[in-house]
Amino acid sequence: RAADLEARRDYENRLVQAVVDASAVESPAIMVDRRVERAIRDFEARLQEQGLSLEGYFEATKRDLDSLKAEFRPGADKAVKADLVLEAIAKQEGLNPTETEIDNEIRFMAIVNRVDEKQIPRLLSDWDVRDDVKDSLRRQKALQHLVKLQEPSLESAQGENQDVTPGDNQVSPEESAPGAAETKGA
């Protein structure tokens with residue numbers, strides 16, 4: 001169900017945020033800048049899908065690129081911190097996707113994005129694509145690991161129809177990712 005999926009995502013986001021808050025991770029400005037640029041490209045693509053342009057958006061809203069960057073920066077900073085913490089957990093726990101998992105994810109993404117089937121072999125052999133997918137899968141595995149550590153409290157609270165807050169069980173965020181604090185200044 002959509003509501004269950006949304007509740008699961010909300011729980012996962014709160015769990016990651018609790019671990020990020022418990023860590024001493026700092027997000028490098030260059031990574032935040034890249035994330036802001038990606039958010040702007042995504043925003044521009046969504047505008048174009050609606051037949052609009054970024055310039056037209058700026059004219060209609062009386063805004064400029066700098067104000068849009070400033071709007072996206074807090075979310076980008078939060079996302080970079082989450083990525084760094086999840087990467088640290090994945091490294092600490094030895095969580096790495098297999099080549100088959102990477103191939104399957106590339107194929108899945110190609111289907112979802114309606115990529116011409118003839119382009120899939122090129123994507124499968126593109127090392128930049130493979131690295132991006134590998135990183136994404138590694139972070140997903142780290143998130144699954146965190147959720148698994150929290151499952152006893154999640155299951156008991158669901159059985160009692162209680163709201164679940166990350167960290168409600170015996171495993172603290174600090175225990176979940178002791179290596180995350182070592183990423184400070186990364």
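The first residue in the sequence is number 1, and the count goes up from there.
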Going by heavy atoms in the side chains, are [X] and [Y] under 4.5 Å from each other?
X	Y	answer
Lys141	Glu93	no
Asn104	Thr100	yes
Val16	Val85	no
Leu137	Asn96	no
Val20	Lys78	no
Arg46	Asp42	yes
Glu99	Arg130	yes
Leu86	Gln140	no

Problem - Full working for salt bridge (Lys or Arg N to Asp or Glu O under 4.0 Å) between Lys134 and Glu101 - result: CA-CA 9 Å; Lys134 182 179 183 179; Glu101 289 172 322; over 6 Å; no

Could you tell me whether a side-chain N or O of [X] sits under 3.5 Å from a main-chain N or O of [Y], the two making a donor and an acceptor?
X	Y	answer
Ser67	Arg63	no
Asp77	Arg73	no
Asp126	Asp128	yes

Quick check: is [Y] connected to [X] through a chain of hydrophobic side chains (ILVMFWY, heavy atoms under 4.5 Å apart)?
X	Y	result
Ile40	Phe58	yes
Met109	Leu143	no
Val112	Val129	no
Leu124	Phe108	no
Leu5	Leu15	no

Heavy-atom pair of closest approach, residues [X] and [Y]:
X	Y	result
Pro28	Glu26	CD-O, 3.4 Å
Tyr57	Leu47	CB-CD1, 3.8 Å
Glu59	Lys62	O-NZ, 3.3 Å
Ala142	Ala90	CB-N, 3.9 Å

Practice task
Show the numbers, then the answer: is there a salt bridge (Lys or Arg N to Asp or Glu O under 4.0 Å) between Glu12 and Arg8?
Solution key: CA-CA 6 Å; Glu12 290 171 350; Arg8 176 94 179 173; 3.2 Å; yes

Practice task
Indicate whether the side chain of Asp21 and that of Gln17 have a donor and an acceptor atom separated by less than 3.5 Å.
Solution key: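 Note: Asp21 and Gln17 side chains meet the donor-acceptor criterion.
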
Exercise for the section: Evaluate the criterion side-chain contact (heavy atoms from CB on, under 4.5 Å) for residue pair Met31 and Asp83; output intermediate values, then yes/no. Expected result: CA-CA 10 Å; Met31 293 177 77; Asp83 285 353; 5.9 Å; no

Problem - Evaluation steps, side chain to side chain donor-acceptor pair (under 3.5 Å), between Arg122 and Gln119 - result: CA-CA 5 Å; Arg122 182 189 61 76; Gln119 296 296 321; 3.0 Å; yes

